[in-house]
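All residue numbers refer to positions in the sequence shown, counting from 1. For clarity, every value in this text was computed on a predicted model and none was experimentally measured.
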Amino acid sequence: MRKTKHKLFTGAVCGLCALLLAANGGMVRKASAHARYCDDGYYEGSGTRVSTDYTIEYDSYVEHNEYYVYQAPSLHNGGTGATNCCSSTAGTNVIAFYDRYYTNLIEDFEPGMEYKGIYRYFPNIESVKIPALHTTLYNYMNVNVNYPGATEDDFKSGLKRYVNEQGYNVNYKSAHQNAKMVNLTKIQQMVNNNQVAVLCFSGYNFVYGFTVASTYRKVYQEAVDAGHMMMVYGYFTVDYYKNGRLFLTETYLQASMCNGLGDQGFIKMNDYGNIDDAFIVEIS
């Protein structure tokens, strides 16, 4: 996976979002039920972001990939030029994921194709259907109405409205455990059921990729002090050993970042940021 350049950035919307995040002494407190999630840019959204790359040295390691999902959409805003729209971008990714199974969620559209027995989602699809979907969700979710971004309730009600209009039902099932961790048992069930989840953050970390060698792993990560939503579709864990003994286990959720470039990567559990909520989106 590629290494992404990182730098410190403070966006113009930072003040409004920061009031809702209420950072304290370098730690981010849990946002209120009416928090606005508005970080979607690549050094263009709100908040402060800084590189937190690190290296783990070991004698050996074991990856547990039973719930690793190899394909999921990772779309941006469809070229609409919309800002502070991680909520509608997350919704766009969710709808594109499920359109594989519920074909008229996006009319006359195919989000990917099967190749060598594996269904592969197209990245950053330039079809006119994607900006149209994004714009509809942007309006249904009341993005940037009165304040930057949208609330969790805005996201859920806007997505429900769209899904219902296509003739389907939607249900939201909690997968939240605490501010640093999701319920992995529920994420396992989600993967087994071919479903995805959405996470709401007041501050978050994002891992762009890894360099893995025989005795070390370098993790390319950044920490962001902003409210954000992302789609999550799987996870994996890594056990690290020295002198024959387990000394560290790390868990990484697979995520579509729902940012300006449609990056795909990972969210490290028990690390920087607060998980305000995590819920599985069930469409039927």
Side-chain angles (χ1 to χ4, degrees), residues 37-40 69-114 119-144 149-173 175 187 190-191 193-200 228-234 253-264 277-284:
Y37 299 101
C38 54
D39 183 54
D40 62 79
V69 177
Y70 289 91
Q71 286 293 314
S74 189
L75 308 174
H76 48 49
N77 64 15
T80 61
T83 59
N84 308 319
C85 57
C86 58
S87 53
S88 49
T89 305
T92 298
N93 280 277
V94 169
I95 295 298
F97 177 88
Y98 282 110
D99 187 65
R100 171 187 174 186
Y101 305 101
Y102 305 98
T103 56
N104 67 338
L105 276 173
I106 309 173
E107 188 176 0
D108 298 324
F109 179 78
E110 183 60 53
M113 63 179 293
E114 190 167 311
Y119 189 91
R120 304 175 187 275
Y121 285 92
F122 299 131
N124 289 330
I125 304 164
E126 298 301 328
S127 165
V128 295
K129 298 287 186 176
I130 294 305
L133 169 62
H134 189 277
T135 298
T136 298
L137 293 175
Y138 180 95
N139 292 328
Y140 285 4
M141 293 177 183
N142 297 316
V143 180
N144 292 333
T151 67
E152 179 182 336
D153 286 346
D154 288 331
F155 174 91
K156 288 180 175 178
S157 62
L159 191 71
K160 177 178 174 61
R161 177 180 173 184
Y162 179 85
V163 171
N164 289 167
E165 287 179 350
Q166 312 316 309
Y168 295 106
N169 296 313
V170 64
N171 181 57
Y172 303 109
K173 179 180 177 181
I187 298 298
M190 175 196 83
V191 172
N193 292 331
N194 295 318
Q195 297 170 335
V196 291
V198 172
L199 270 60
C200 303
H228 191 48
M229 287 187 181
M230 285 188 254
M231 185 184 81
V232 167
Y233 53 92
L253 300 182
Q254 295 174 270
S256 297
M257 193 178 186
C258 303
N259 66 349
L261 293 181
D263 281 313
Q264 207 160 33
D277 203 3
F279 53 90
I280 297 166
V281 181
E282 299 178 326
I283 293 180
S284 59

**Message:** Taking ring pair (Phe, Tyr, Trp, His ring centres under 6.0 Å) as the definition, give me every residue that meets it alongside Tyr172, ordered by chain and number, with sequence neighbours left out.
**Reply:**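 For Tyr172 the ring pair (Phe, Tyr, Trp, His ring centres under 6.0 Å) partners, ignoring immediate neighbours, are Phe279.
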
In Å, rounded to the nearest 0.5 Å, how long is the span from [atom1] of [X] to [atom2] of [Y]?
X	Y	atom1	atom2	answer
Lys160	Asn169	NZ	CG	6.5 Å
Asn194	Phe97	CG	CZ	6.0 Å
Tyr233	Leu253	OH	CG	10.5 Å
Asn164	Leu159	CG	CG	9.5 Å
Glu110	Lys129	CD	NZ	13.0 Å
Lys156	Asp153	NZ	CG	7.0 Å

Can you tell me if [X] uses its side chain to pair, donor with acceptor, with the backbone of [Y] under 3.5 Å?
X	Y	answer
His228	Met257	yes
Ser256	Pro73	yes
Asp99	Ala96	no
Tyr37	Met230	no
Gln254	Val69	yes
Gln71	Tyr121	yes

Could you tell me which non-hydrogen atom of [X] sits nearest to which non-hydrogen atom of [Y], and how far apart they are?
X	Y	value
Asn93	Ser74	OD1-CA, 3.2 Å
Gly234	Val191	CA-CG2, 4.0 Å
Asn77	Ala82	ND2-O, 3.1 Å
Cys38	Cys86	N-SG, 3.9 Å
Phe155	Gly91	CE1-N, 3.6 Å
Ile187	Ala175	CD1-CB, 4.1 Å

Can you list the residues that meet the side chain to side chain donor-acceptor pair (under 3.5 Å) rule with [X], with sequence neighbours excluded?
X	value
Asn139	none
Asn142	none
Thr89	His134
Gln166	none

Per-pair distances, 0.1 Å, donor-acceptor, side chain in residues 100-107, under 3.5 Å, sequence neighbours excluded:
residue: Tyr102; atom: OH; partner: Ile283; partner atom: O; Å: 2.9
residue: Asn104; atom: OD1; partner: Tyr168; partner atom: OH; Å: 2.6

Would you say [X] and [Y] make side-chain contact, with heavy atoms under 4.5 Å?
X	Y	result
Leu133	Tyr162	yes
Pro111	Tyr119	yes
Asp154	Val143	no
Ile95	Val163	yes
Tyr70	Arg120	no

